[in-house]
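Shown next, in structure tokens, is the structure this report addresses.
Letters A, B, ... are given to chains in the order of the sequence lines, protein chains preceding strands, and every chain is numbered from 1. The figures here come from the full heavy-atom set of this structure, side chains too, leaving out hydrogens, waters and symmetry mates.
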Number of protein chains: 2
Amino acid sequence: MKNLKVLIVEDSVIFSEGLRLILEQHASINKVYLAHNFNDTLDILIAASIDVIFLDLNFETSDYDGFIIAKKIKELYSDIKIIVLTQHARIYIYEKLFNECKVDAYLDKQLGAEDMFFAIEQVINNEKYVDRNISEILEIEQWLKISKREGEVILLLMDGLVQKEIAFKLNISPKTVEKHIFNLMKKFKVKNSVELITKYMRYINGNRENLAGEISFP
Amino acid sequence: MKNLKVLIVEDSVIFSEGLRLILEQHASINKVYLAHNFNDTLDILIAASIDVIFLDLNFETSDYDGFIIAKKIKELYSDIKIIVLTQHARIYIYEKLFNECKVDAYLDKQLGAEDMFFAIEQVINNEKYVDRNISEILEIEQWLKISKREGEVILLLMDGLVQKEIAFKLNISPKTVEKHIFNLMKKFKVKNSVELITKYMRYINGNRENLAGEISFP
DNA sequence: CATAAAATACGGGAATACCCCTATTGTAGC
DNA sequence: GCTACAATAGGGGTATTCCCGTATTTTATG
């Protein structure tokens, strides 16, 4: 746990410079590298023997994202620890990250220096780590228990498909689709599918309570 | 346009450190101060003669926000220029900022150093400034032209009220409510009210295109 | 003050959603 | 291996939404 080489993969110049500054102050950290895109990331990995990567999920381009980058890195350099930074934690992202991409930590961007150092300590000791902000959100999601099928139905519903169309797409009976939507409405304690989508999206988009309330129209 | 004193009011330590680093590199900037809350902000304003403030809108606490801070600063020190930083531009925020809070610029956080410097140049020359990313979003919103009544209807619809209930609440006929929803669906080019709400919320919550598409359920 | 746009209101019919119910099959946890 | 629960399927009735009209009043904007 010393002389660590850290790489920050993040397209916001300002955020990455700030993170670099904070990381450089830590005794265990030898050097901090920055990459603002996928190509730079791969170049740095060839040139330097990186120990830990801080990885953002969202990039300006749609050619790649944090998931793709994480998978590629773990494929090429399985020893490198990956700490994913996020703005809004989601359980489906959490699961994709740990099961599919094999990352080592999932951290809220809003957190401060100590949390970043603690995360590094954890992953260097081969521990998986999820910060407390994110754990909280994941617990709520777990509690809601949206099944795989229900998840598929709600996504198609959001795309504007009617029950019959959803049924055709999933190759099940319209009555089954109706049942799934009905069950979801009970879980979310709502009266109709419009309210279901509202609640679901508020929740997906980071639980910003009643944003709609402050809207004033022209 | 020299020896400027700049204050960054922003609760994310990492982002503000990054911004400070970038601003300090500019020849015109004398000193960069940081404040992570409202109290520190007021203290610094008393101690130093600040020229330009970079202000974030969202803070951890709900005691105050960027709007409140901006109003107070302009009330106390009307000469200080305020540049608001945002993650997701919205027209109702834009209007509140410029009409009510009298701020000087509205900037996307994702932008780089040159854009920050350009914004400073503009406000120092008494010009109001909105960056191109934000302008684009505002144009789309203007183009959509959601009327006051339509706005009220869509908010109640999101709350799970059916057309009859919305009509009662707004003291208009259910048929009129139906018409408003119908018109909104045409504006948003969607097939039903569920899809209307989905598109509307995606758009309110920052235009993250097809977030739903990447979701995979357990 | 004129003209456009928004808000108001209503009708009718087809499609869809909602809500109660039962019932079978597969599968994950104890 | 038992037990829950998810996923499947369906009946039948009522409520609501959606889509096509038309038409009057109110409110902005030039």
Side-chain angles (χ1 to χ4, degrees), chain A residues 91-92 95 99 139 141-201 215-218, chain B residues 91-92 95 99 139 141-201 215-218:
Chain A
I91 202 161
Y92 59 87
E95 288 179 340
N99 300 338
E139 263 171 47
E141 280 202 297
Q142 206 65 51
W143 172 73
L144 276 176
K145 287 199 279 283
I146 298 173
S147 77
K148 180 168 161 56
R149 208 40 138 187
E150 285 171 345
E152 289 165 353
V153 168
I154 208 168
L155 289 185
L156 293 171
L157 193 62
M158 281 163 60
D159 281 344
L161 304 203
V162 298
Q163 294 177 3
K164 204 191 290 180
E165 294 167 330
I166 295 172
F168 181 75
K169 201 134 192 172
L170 296 179
N171 235 312
I172 58 182
S173 145
K175 275 292 182 184
T176 307
V177 173
E178 188 188 315
K179 181 73 174 171
H180 287 311
I181 293 172
F182 187 68
N183 289 338
L184 281 165
M185 291 195 300
K186 279 203 295 191
K187 276 185 194 172
F188 278 82
K189 293 184 185 122
V190 295
K191 299 195 302 295
N192 54 49
S193 43
V194 171
E195 199 184 358
L196 171 66
I197 295 306
T198 308
K199 260 207 166 175
Y200 180 70
M201 288 196 76
I215 299 177
S216 74
F217 286 89
Chain B
I91 203 161
Y92 60 89
E95 287 177 342
N99 300 336
E139 262 170 49
E141 277 201 299
Q142 206 65 50
W143 171 74
L144 276 176
K145 285 200 281 282
I146 298 174
S147 78
K148 180 168 163 54
R149 209 38 139 190
E150 285 171 344
E152 289 164 354
V153 168
I154 210 168
L155 288 185
L156 292 172
L157 193 62
M158 281 164 53
D159 280 345
L161 304 203
V162 298
Q163 294 175 4
K164 206 190 290 181
E165 294 167 330
I166 295 172
F168 181 76
K169 200 134 194 174
L170 296 179
N171 236 310
I172 58 181
S173 145
K175 276 292 180 184
T176 307
V177 173
E178 187 188 316
K179 184 72 174 172
H180 287 310
I181 294 172
F182 187 68
N183 289 338
L184 281 164
M185 290 196 300
K186 279 203 294 189
K187 277 186 193 171
F188 279 82
K189 293 185 185 121
V190 295
K191 298 197 301 293
N192 54 50
S193 42
V194 171
E195 198 183 359
L196 171 66
I197 295 305
T198 308
K199 259 208 165 174
Y200 180 71
M201 289 195 76
I215 300 177
S216 76
F217 285 88

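Comparing atom distances between the A:Glu150 side chain and each of D:dC20, C:dC20, D:dA7 picks out D:dA7 as nearest.
A:Glu152 and A:Lys169 are not joined by a salt bridge, as no carboxylate oxygen comes within less than 4.0 angstrom of a charged side-chain nitrogen.
In this structure, NE2 of A:His180 is placed 17 Å from P of C:dC19, rounded to the nearest angstrom. Counting to the nearest Å, the P atom of C:dC18 and the NZ atom of B:Lys164 are 15 Å from each other. Separating the CD atom of A:Glu165 from the C1' atom of D:dC18 is a distance of 13 Å, rounded to the nearest angstrom. Going from atom CD1 of A:Ile197 over to atom C1' of C:dA17 covers 13 Å, rounded to whole Å. Atom CD in A:Gln163 sits about 14 Å away from atom C1' in D:dA9, given to the nearest Å. Between the C1' atom of C:dA6 and the CZ atom of B:Arg149 lies a distance of 11 Å, rounded to the nearest Å. Note: CG (A:Leu170) to P (D:dA9) measures 10 Å, nearest angstrom. Atom-to-atom, CZ of B:Phe182 to C1' of D:dT16 comes out at 16 Å; the value is rounded to the nearest Å.
Contact annotation: the side chain of B:Val194 never approaches that of A:Leu161 to less than 4.5 Å [non-hydrogen atoms, C-beta and beyond]. Looking at heavy atoms from C-beta onward, A:Thr176 lies out of side-chain contact with A:Arg149 at the 4.5 angstrom threshold. Put simply, the side chain of A:Thr198 does not reach to within 4.5 Å of the side chain of B:Asp159, judged on heavy atoms.
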Notebook entry, point to check: What do the steps show when you test A:Leu196 against A:Leu157 for side chain to side chain contact (heavy atoms under 4.5 Å, CB included), and what is the final call?
Noted result: CA-CA 10 Å; A:Leu196 171 66; A:Leu157 193 62; 4.3 Å; yes
Item checked: Stepwise side chain to side chain contact (heavy atoms under 4.5 Å, CB included) check, A:Ile197 with B:Met201 -> CA-CA 9 Å; A:Ile197 295 306; B:Met201 289 195 76; 5.6 Å; no
Note to self: Return a single string for nucleotides 9-14 of chain C, one symbol per nucleotide in 5' to 3' order, where B is base contact, S is sugar-phosphate-only contact and - is none, cutoff 4.0 angstrom on heavy atoms.
What the structure shows: BBBB--
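With values rounded to the nearest 0.5 angstrom, A:Tyr200 atom OH is found 11.5 Å from A:Lys187 atom NZ. Here the NE2 atom belonging to A:His180 is positioned 8.5 Å from the CG atom belonging to A:Leu184, to the nearest 0.5 angstrom.
Note on A:Asn192: only backbone sugar-phosphate atoms sit closer than 4.0 angstrom, heavy atoms only; bases stay farther off.
Proximity of a side-chain donor or acceptor of A:Glu195 to a complementary backbone N or O of A:Lys191 within less than 3.5 Å is detected.
End-to-end axis angle of the helix from C:dC1-D:dG30 to C:dA28-D:dT3, using five pairs per end and rounding to 10°, comes to 80°.
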